[in-house]
Amino acid sequence: MSEDLVAEIEALETKLAEAKSAITARFIGQERVVDLTLAALLCGGHALLIGLPGLGKTRLVDTLSTVMGLDGKRVQFTPDLMPADILGSEVLETGSDGSRSFKFIEGPIFCQLMMADEINRASPRTQSALLQAMQEKQVTVGGETKVLDAPFHVLATQNPLEQEGTYPLPEAQLDRFIVRINVPYPDRDTEKDILLATTGAAEGEAHAVFSGPELIAAQNLLRRMPVGDSVVEMILDLVRAFRPGEPGVSQRVKDTVAWGPGPRAAQALMLTVRARALLRGQLAPSPDDVIDMARPVLGHRMALTFSARARGDDLGLLIDEVCDSMMRSRAA
């Protein structure tokens, strides 16, 4: 690794530490959630935040838009939301000379950081309106393709499917999220800190640490970060270990997984392990980074078989089992 690249990585790590500190000053005590969200932005991807209402998901996204210096917009997803409410629409406009022409009115998706709040309360038709934007960073309206601003990220919040008025996200859309982040309840001490920080006369204000161009530069630098052959092989082994049709896959996986992660999952894991290394002040990712990112990257890219669902099996626990087995075999 060249000295210039080392210096660039170290400078970015310092800036990321400042950004993380600014975020956690307002989003208190959830460092794991903050790390995964920042990792998604560094990878140029989108993140799905899952948790019950009132856990601060909206506050986190609002703080991120300020700290990362991005133009952020929020859309509240509801059952009657239409695709045009997100993408925009063409309206017939009459000029001063009486001539008529169609004018495109941009929707809220024309921003740099879009918060899709309670995304699974909208109908599948509306959810699918985001697919092209999330994958291609452009939208097609009225037969014309319009490029979105760069960088472009979607941070979506989702309520648990057991709640009233929710629709499951289609598999194709879930695969567009580079990570799925579970937002848990805070512990008692953290909740006390939240109470003291948010119910007084004044709250802490977030400040910009990055700008849009600086975030793009960070994303480009992340892709130049070296990854050792052992880490690359581990990523391939891990992703392929969850495909039931692959030779050598364990019987436990064959009995539990209906379909496994595809090549996009391996790409996501390759990027996120680099992001985790950056956030931890490392110059290159290690096998520990692969293990740590396995659940948030792979968990939403697989499905349980009918019998596994009936048994109450959990994909997260299966991922942990396979990771533990892989680490034991490598240590032997």
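Below, all heavy atoms of this structure are taken into account, side chains as well, without hydrogens, waters or symmetry copies.
- Criterion: ILVMFWY side-chain heavy atoms under 4.5 Å apart, direct or through other members. Under it, Leu12 and Leu222 are part of a common hydrophobic cluster.
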Yes or no on side-chain contact (heavy atoms from CB on, under 4.5 Å) for Met234 and Met327, after CA distance, side-chain angles and deciding distance?
CA-CA 10 Å; Met234 188 174 184; Met327 290 300 283; 3.4 Å; yes
Residues Leu221, Leu5; criterion side-chain contact (heavy atoms from CB on, under 4.5 Å); working and verdict
CA-CA 8 Å; Leu221 177 59; Leu5 181 57; 3.5 Å; yes
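- In this structure, Asp324 and Arg328 have side chains that are in contact, with non-hydrogen atoms separated by less than 4.5 Å.
- A salt bridge links Lys15 with Glu214: the distance from a Lys NZ or Arg NE/NH1/NH2 to an Asp or Glu carboxylate oxygen falls below 4.0 Å.
- Gln112 contributes a side-chain N or O that, together with a main-chain N or O of Ala150, makes up a donor-acceptor pair within less than 3.5 Å.
- Sparse packing is recorded around CZ of Arg223, with 12 or fewer heavy atoms of other residues, nucleotides or ligands lying under 6.0 Å away.
- Within the 4.5 Å cutoff, side-chain heavy atoms of Glu18 are placed close to those of His207.
- In this structure, Arg74 places its CZ atom where more than 12 heavy-atom neighbours from other residues, nucleotides or ligands lie under 6.0 Å away.
- The structure places CD1 of Ile86 at 5.0 Å from CG of Leu130, a figure rounded to the nearest 0.5 Å.
- With rounding to the nearest 0.5 Å, the separation of OG1 in Thr145 from CD in Gln132 is 6.0 Å.
- By the rule that hydrophobic residues join a cluster once side-chain heavy atoms approach within less than 4.5 Å of another member, Leu318 and Trp259 end up as members of separate clusters.
- Considering every non-hydrogen atom in both Ala47 and Ala40, the closest pair reads CB-CB, 3.9 Å.
- Summarising the geometry of Phe177 relative to Ile119, their closest heavy-atom pair is CZ-CD1, 4.4 Å, with the distance given to 0.1 Å.
- Within the 3.5 Å criterion, the main-chain N or O of His46 finds no donor-acceptor partner in the side chain of Arg176.
- Of all heavy-atom pairs between Cys43 and Ala275, the closest is SG-CB, 3.9 Å.
- For the residue pair Asp80 / Thr78, a side-chain donor-acceptor distance below 3.5 Å is found, with atom types taken as modelled.
- A salt bridge is absent between Asp4 and Arg224: the closest approach of a Lys/Arg side-chain nitrogen to an acidic carboxylate oxygen does not fall below 4.0 angstrom.
- Counting heavy atoms from C-beta on, the side chains of Asp117 and Lys57 never come closer than 4.5 Å.
- Residues Leu42 and Thr272 have side chains not in contact (no heavy-atom distance under 4.5 Å, counting atoms from C-beta outward).
- Cluster membership check: Met82 does not share its hydrophobic cluster with Ile109, using side-chain heavy-atom separations under 4.5 Å among Ile, Leu, Val, Met, Phe, Trp and Tyr.
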Run the side-chain contact (heavy atoms from CB on, under 4.5 Å) test on Val322 and Ser325 for me, step by step, so that the C-alpha distance in whole Å, both residues' side-chain angles and the decisive distance to 0.1 Å come before the verdict.
CA-CA 5 Å; Val322 173; Ser325 174; 5.7 Å; no
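- Two residues are said to be in side-chain contact when any heavy atoms from C-beta on lie closer than 4.5 Å; Leu283 and Glu10 meet this criterion.
- There is no path of hydrophobic side-chain contacts, each under 4.5 Å, that joins Val183 to Leu195.
- Ile194 and Leu55 fall into different hydrophobic clusters, defined by Ile, Leu, Val, Met, Phe, Trp and Tyr side-chain heavy atoms under 4.5 Å apart, directly or through other members.
- Between the CD atom of Gln251 and the OG1 atom of Thr256 there is a distance of 9.5 Å, given to the nearest 0.5 Å.
- Closest of all the heavy-atom pairs between Gly262 and Val239 is O-CG1, 4.1 Å.
- To the nearest 0.5 Å, atom CG of residue Leu304 and atom CG of residue Asp255 are 12.0 Å apart.
- Nearest heavy atoms, Ala19 versus Met68: CB-SD, 4.4 Å.
- Checking side-chain atoms of Gln158 against main-chain N and O of Ile50 turns up no donor-acceptor pair under 3.5 Å.
- By the side-chain contact (heavy atoms from CB on, under 4.5 Å) test, Pro213 is found to be paired with Ser211, residues two or more places apart in sequence or in another chain being considered.
- To the nearest 0.5 Å, atom CG of residue Asp62 and atom CG of residue Leu155 are 11.5 Å apart.
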Counting only pairs under 3.5 Å, give me each side-chain donor-acceptor contact of residues 27-39, with atom names and distances, residues two or more places apart or in other chains.
unit_1 : atom_1 : unit_2 : atom_2 : d
Gln30  : NE2    : Pro184 : O      : 2.9
Arg32  : NH1    : Asp292 : OD1    : 3.2
Arg32  : NH1    : Asp292 : OD2    : 2.6
Arg32  : NH2    : Asp292 : O      : 3.1
Asp35  : OD1    : Lys20  : NZ     : 2.9
Asp35  : OD2    : Lys20  : NZ     : 3.2
Thr37  : OG1    : Val33  : O      : 2.7

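- Side-chain atoms of Ser21 do not come within 3.5 Å of backbone N or O of Ala17 as any donor-acceptor pair.
- Partners of Phe110 by ring pair (Phe, Tyr, Trp, His ring centres under 6.0 Å), not counting sequence neighbours, listed by chain and number: Phe104.
- Atom NZ of Lys192 has 12 or fewer heavy atoms from other residues, nucleotides or ligands within 6.0 Å.
- With rounding to the nearest 0.5 angstrom, the CG atom of Asp313 is 5.0 Å from the CZ atom of Arg252.
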Derivation and outcome, side-chain contact (heavy atoms from CB on, under 4.5 Å), residues Glu13 and Leu278:
CA-CA 6 Å; Glu13 288 171 349; Leu278 279 173; 4.0 Å; yes
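- Looking at Ile319 and Phe242, their side chains come closer than 4.5 Å, going by heavy atoms from C-beta outward.
- Here the shortest heavy-atom pairing between Pro244 and Gly260 reads CD-N, 4.0 Å.
- No side-chain donor-acceptor contact under 3.5 Å links Arg180 to the backbone of Leu49.
- At a threshold of 4.5 Å between non-hydrogen side-chain atoms, the residues Phe210 and Val67 do not count as touching.
- Taking the side chain as every heavy atom from C-beta outward, Asp237 and Met326 approach each other to under 4.5 Å.
- Counting only distance, with no hydrogens or angles, the side chain of Thr305 and the backbone of Ala258 share no donor-acceptor pair below 3.5 Å.
- A donor-acceptor pair under 3.5 Å is formed between the side chain of Arg295 and the backbone N or O of Gly316.
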